[in-house]
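Here's the structure, in structure tokens; my notes come after.
Below, all heavy atoms of this structure are taken into account, side chains as well, without hydrogens, waters or symmetry copies. Just so we're clear, the structure is a prediction, and the values are computed from it rather than from any experiment. Just so you know, residue 1 is the first one in the sequence shown, and it goes up from there.
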Amino acid sequence: MWHLVCGDNAVAGVTHVIGPAAAEAGLHVLRDDLAVGPLGDVDTPPCAERVAFWRAVWPEGATPMPDFAAGLPADAQWIADLARQERPVTVWHGDSASEQLLLARVAHALEGSAVALIEVSCGTGNSWVQNRQAVAMRTPQALLGLAKPRPVETERQAALAAQWRAAVTDGGLIHRWQTGQFAAEDYQAVDAAVLRQARAEPQPLARLMAEVMARNDGFFATDYFLFWRARELAAAGQLVLTGEPGEQGYSLLQVRRAG
């Protein structure tokens, strides 16, 4: 049995549920945040557009930088190979748009195959910031109570696969998720949220990003993603960033509105 999770932070809780032996044999981590960035070639090695996106997002000086050129194509091939194996696949998911896209991606990869697709739902079905729960946000004890694997029936798998096909062809740069549906958009709404939190006087960039995160429904906006958008807005003359980057690339930076 494969157990798939989105991101390293979900590993400890899922391992607590399935046990170290099962985790060693079949727990697989997919680290690509599918909610952000272009998806057009994410399933097509060498995934050049996807690789270029993550290289742009990654802050200069933040180490270690993942080897996107090796890792993303390897993920694409690994997922494609699932349909040729005999091991059932269990996807653990919550209210994260990235987790939901992973579920849809795997449903698409397994569509028409004899491989069983199983899901463990750990969320609320609601991705508003006040309610949402990703797998990694659940305590190990809470996951024990939520761990109710259920087969993904043919009709649901077909619907999920169709959602994945739509996501990779709709040209969206952000995919928000709410109650089973994805909505595609560009970066405009996120950039507007960043600019709304900016002031005429300098403030810590980390504080501004935290305010945006706390109000961002539909997907989890990460610090590196928002830092990238801040850099892009600064390059466009809409924000001014000052100070030394700090260990995370942004922790000591100040930000203010330009002009």
Quick check for you: to the nearest 0.5 Å, what is the distance between R84 atom CZ and L110 atom CG?
11.0 Å

Could you walk me through whether H108 and R165 pass the side chain to side chain contact (heavy atoms under 4.5 Å, CB included) test, one step at a time?
CA-CA 8 Å; H108 176 261; R165 285 191 292 271; 3.4 Å; yes

Take T124 and N131, measure what side-chain hydrogen bond (donor to acceptor under 3.5 Å, both in side chains) needs, and give me the verdict at the end.
CA-CA 7 Å; T124 66; N131 307 99; over 6 Å; no

Transitive ILVMFWY side-chain link M213 to L195, under 4.5 Å
yes

Parallel, tilted or perpendicular: rings of W2 and W78 (30°, 60°)
perpendicular

Validation row: C122, L143 side chains within 4.5 angstrom (heavy atoms):
yes

Check: Q203 and L208 side chains under 4.5 Å, non-hydrogen atoms
yes

If I compare all heavy atoms of L82 with all of V115, which pair ends up nearest, and what's the gap?
O-CG2, 3.5 Å

Compute both the distance and the angle, then confirm whether R229 meets the cation-pi test with F227: under 6.0 Å from the six-membered ring centre, within 45 degrees of the axis.
no

Report the residue from Q133, Q178, Q100 that forms a side chain to side chain donor-acceptor pair (under 3.5 Å) with S127.
Q178

So, do L173 and P38 sit near enough that their side-chain heavy atoms are less than 4.5 Å apart?
yes

Quick one: CD on Q130 to CZ on R215, what's the gap to the nearest 0.5 Å?
10.5 Å

Locate the shortest heavy-atom distance separating G237 from A258; write the atom from each residue and the value.
O-CB, 3.1 Å

Note, Y250 side chain near P59 side chain (heavy atom, < 4.5 Å):
no

If you take all heavy atoms of G218 and A97, which pair is closest and at what distance?
O-CB, 3.4 Å

Hey, is the main chain of A142 close enough, under 3.5 Å, to the side chain of T139 for a donor-acceptor pair?
yes

Would a 4.5 Å heavy-atom cut-off, applied to side chains only, mark W92 and L27 as touching?
no

Would the distance check show the side chain of Q157 and the main-chain N or O of G112 forming a donor-acceptor pair, the cut-off being under 3.5 Å?
no

Do W177 and F219 belong together in a cluster built from hydrophobic side chains that touch within less than 4.5 Å?
no

Tell me if the aromatic rings of W54 and Y224 count as close, with their centers under 6.0 Å from one another.
no

For residues S96 and A134, report the shortest heavy-atom separation together with the two atoms involved.
CB-CB, 4.3 Å

Distance, nearest 0.5 Å, that separates CG of L72 from CD of Q77:
13.5 Å

Please check if the side chain of N126 supplies one atom and the backbone of R132 the other of a donor-acceptor pair under 3.5 Å.
no

Check whether any side-chain heavy atom of I118 sits under 4.5 Å from a side-chain heavy atom of V91, and report yes or no.
no

Answer yes or no: is there an ion pair linking R176 with D217, defined by an N-O contact shorter than 4.0 Å?
no

Could you verify whether a donor N or O on one side chain and an acceptor N or O on the other, from D43 and W164, lie under 3.5 Å apart?
yes

d(L239 CG, L233 CG) to nearest 0.5 Å is 5.0 Å

Tell me if a side-chain donor or acceptor on E99 pairs with a main-chain N or O of G123 at a distance below 3.5 Å.
no

Rounded to the nearest 0.5 Å, how far does CZ of R257 lie from CZ of R196?
12.5 Å

Show, in sequence, the C-alpha distance, side-chain angles and deciding distance for V14 and V135, and conclude whether the side chain to side chain contact (heavy atoms under 4.5 Å, CB included) test is met.
CA-CA 8 Å; V14 173; V135 175; 4.0 Å; yes

Taking R31 for its side chain and G7 for its backbone only, find out whether a donor-acceptor pair lies under 3.5 Å.
no

Do you know the tightest heavy-atom contact between M1 and R87?
O-NH2, 3.3 Å

Could you give me the CA-CA distance, side-chain angles and deciding distance for H93 and V120, then say whether side chain to side chain contact (heavy atoms under 4.5 Å, CB included) is met?
CA-CA 6 Å; H93 62 83; V120 178; over 6 Å; no

My understanding is that only one of D32, D33, D41 makes a salt bridge (charged side-chain N to carboxylate O under 4.0 Å, His left out) with R50; could you say which?
D32

Count the heavy atoms belonging to other residues, nucleotides or ligands that lie under 6.0 Å from CG of D186, then report whether that count exceeds 12.
yes

Please answer: with hydrophobic residues joined when any side-chain heavy atoms are less than 4.5 Å apart, are V36 and M65 in the same cluster?
yes

Side chain to side chain contact (heavy atoms under 4.5 Å, CB included), that's the test. Do L146 and R138 meet it? Break it down for me.
CA-CA 9 Å; L146 291 166; R138 298 292 196 180; 3.4 Å; yes

Check: A56 main-chain N/O paired with R231 side-chain donor or acceptor under 3.5 Å:
yes

Any non-hydrogen side-chain atom of F53 less than 4.5 Å from a side-chain atom of W58?
no

Given the rule that I, L, V, M, F, W and Y join up when any side-chain heavy atoms are under 4.5 Å apart, are V57 and V255 in one cluster?
yes

Of L34, L4, L39, which is the lone residue that meets side chain to side chain contact (heavy atoms under 4.5 Å, CB included) with R105?
L34

Students should find that the hydrophobic cluster of M137, defined by side-chain heavy atoms under 4.5 Å apart, otherwise consists of F220

More than 12 heavy atoms from other groups under 6.0 Å of CD on E60
no

Same hydrophobic cluster for L241 and F225, using side-chain heavy-atom links shorter than 4.5 Å among ILVMFWY?
yes

SB check R150 E119 (cutoff 4.0 Å)
yes

Interatomic spacing from CD in Q163 to CG in D170 - rounded to 0.5 Å:
11.0 Å

Parallel, tilted or perpendicular, judged at 30° and 60°: which one describes the rings of H175 and F182?
perpendicular

Just so I know, are the side chains of L30 and I79 near enough to count as touching, which here means a heavy-atom distance under 4.5 Å?
yes

May I ask you to say whether R207 pairs ionically with E211, meaning some side-chain N is under 4.0 Å from a carboxylate O?
no

For the student: nearest non-hydrogen atoms of L101 and A167, plus distance
CD2-CB, 4.1 Å

